[in-house]
Peer 1: 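Supplied in structure tokens, the structure appears directly below.
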Amino acid sequence: MHTTEHHWITTPITADILRGALDLERTAHGLLPHRLPAWARAQCADGQLAMVEAQPSGVRLAFRTRATAVELDTLPTKRVYAGAPPRPDGVYDLLIDGRLTAQSTVTGGNTLAIDLATGTAESHPGPAGTLRFADLPDAVKDIEIWLPHNETTELVALRTDAPVEPVPDRGRRVWLHHGSSISHGSDAASPTAIWPALAASLGGVELINLGLGGSAMLDPFTARTMRDTPADLISVKIGINLVNGDLMRLRAFGPAVHGFLDTIREGHPTTPLLVVSSILCPIHEDTPGPAAFDFQALGAGKLRFLATGDPAERAAGKLTLSVIRDELSRIVEQRAADDPHLHYLDGRDLYGEADAAELPLPDELHPDAATHRRIGERFATLAFAADGPFADHGA
């Protein structure tokens, strides 16, 4: 699958040149990066979670080399939604010494055909493809290849025309973040343009992204994963999936938040921990879930969501974003009396009413590329500032 004008060196893909993944599964074709460990995946039979945790949001190959050409064979799995517009191929971002230098895609691959009306999915196998970056500077450099944030990617082979070695530890702090599809990067332009990646770049930190589309559900196994993952900074973004999934009532929500934070604190007792509520989402501010696809819009070729709950049900404990923000603020204030490293950020400070008027959510739930940049820049300003919860006091 590769060209012959270079003297290619094949380097085994191992954990020391892969960042952002918490597990590597050997497959018939190569390696599949996972963002949840195998024991955690075994505790949930949900197909949505299985799909999104295997999408390598924030996962990147990172190595030092003087190679002028790099090839990467991958086997992507692309999603096709019946009746919806075709999804573009996943984007790979090439960074040289921290600067975005090139982008590419891999065609072909497996296909996962999803019927939104029935919730069924059918897999169709396809061939692996080759990603190629050429004419790179003939000098020792640090290369990162960020994998598509929203496309399952099996890593088959890495080839270069010069030897590869792991990037030495640069002493950067590790930021572990958990959130919903917005943190996962839904509708962002490329893997380094998802808002957590933008914020990490601006903050000068290494990202481990546990943004799990549709699956920020206060799951105990996610909390234990975070507990056991080395990190210098931790954030959890809580709200939208609990509402649009109509997962629990207020009675269960408060104790679940406490339990989630308690578990993280078992492994990170003094690590800066930032609780972030949902950005503004007009359809769910005061209307409970569940969210549903707008099939009338889908018939016109547009993907759009609706809130199907009744605002009157809030009296019975149904969750809305407004209810969750009030409760999160109260919980953090209560706990912070004994935990000075715990902080709260209202998500509307990242994207609020004025932003929604200027940059409305195209499908009523997910931000577009411009909004991801705004959220990332604002998070970096608020969190990594000298007086922010993630300030680097040792710098």
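Positions are given from 1 along the sequence.
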Peer 1: For a salt bridge (Lys or Arg N to Asp or Glu O under 4.0 Å) check, start with the C-alpha distance between Asp246 and Arg249, then their side-chain angles and the critical distance, and finish with the verdict.
Peer 2: CA-CA 8 Å; Asp246 193 25; Arg249 300 296 183 264; 3.1 Å; yes
Peer 1: Knowing that exactly one of His34, Arg35, Arg41 qualifies, which makes a side-chain hydrogen bond (donor to acceptor under 3.5 Å, both in side chains) with Asp23?
Peer 2: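 The option that passes is Arg41.
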Peer 1: Could you give all pairs that pass the ring pair (Phe, Tyr, Trp, His ring centres under 6.0 Å) test and reach residues 223-261, with sequence neighbours left out?
Peer 2: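 The answer is His178-Phe260.
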Peer 1: Enumerate the residue pairs fulfilling ring pair (Phe, Tyr, Trp, His ring centres under 6.0 Å) with a member in residues 300-351, sequence neighbours excluded, ordered by first and then second residue.
Peer 2: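 Every pair satisfying ring pair (Phe, Tyr, Trp, His ring centres under 6.0 Å) with a residue in residues 300-351: Phe293-Phe305, Phe305-His366.
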Peer 1: Give the intermediate values and the outcome of salt bridge (Lys or Arg N to Asp or Glu O under 4.0 Å) for residues Arg330 and Glu333.
Peer 2: CA-CA 5 Å; Arg330 183 193 67 78; Glu333 182 179 8; over 6 Å; no
Peer 1: Looking only at heavy atoms, which two atoms of Pro311 and Thr287 are closest? And how far apart?
Peer 2: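 It is CG-OG1, 3.8 Å.
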Peer 1: Measure the shortest side-chain to side-chain distance between Thr130 and Arg159 over non-hydrogen atoms and say whether it is less than 4.5 angstrom.
Peer 2: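 Yes, side chains in contact.
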Peer 1: Report yes or no: do Ser180 and Asn241 form a side-chain donor-acceptor pair below 3.5 Å?
Peer 2: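 Side-chain D/A pair, Ser180 to Asn241: absent.
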Peer 1: Should Leu274 and Phe379 count as side-chain neighbours, where that means a heavy-atom distance under 4.5 Å?
Peer 2: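 Heavy-atom side-chain distance check passes, below 4.5 Å.
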Peer 1: Under 3.5 Å, is there a donor-acceptor pair between the Asp161 and Thr68 side chains?
Peer 2: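 Their side chains do contain a donor-acceptor pair, which is all the 3.5 Å distance test asks for.
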Peer 1: Is it the case that Thr120 and Asp115 place a side-chain donor and acceptor less than 3.5 Å from each other?
Peer 2: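 Asp115 and Thr120 do not have a side-chain donor-acceptor pair below 3.5 Å.
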Peer 1: Looking at Lys318 and Pro290, what are the two nearest heavy atoms and their distance?
Peer 2: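 That closest heavy-atom pairing would be NZ-CD, 4.3 Å.
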Peer 1: Table please: side-chain donor-acceptor pairs of residues 82-92 below 3.5 Å, with sequence neighbours left out.
Peer 2:
from  : atom 1 : to    : atom 2 : distance (Å)
Asp89 : OD1    : Lys78 : NZ     : 3.2
Tyr92 : OH     : Thr74 : OG1    : 2.9

Peer 1: Less than 3.5 Å apart, any donor N or O on the side chain of Ser329 or Asp326 sitting next to an acceptor on the other?
Peer 2: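 Distance-only check fails for Ser329 and Asp326.
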Peer 1: Can you see which heavy atom on Ala200 is nearest to which on Leu207, and at what distance?
Peer 2: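 Minimum heavy-atom separation between Ala200 and Leu207: CB-CB, 3.9 Å.
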Peer 1: Treating Arg325 as the side-chain partner and Ser278 as the backbone partner, does any N or O pair qualify as donor plus acceptor under 3.5 Å?
Peer 2: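 Such a contact is found between Arg325 side chain and Ser278 backbone.
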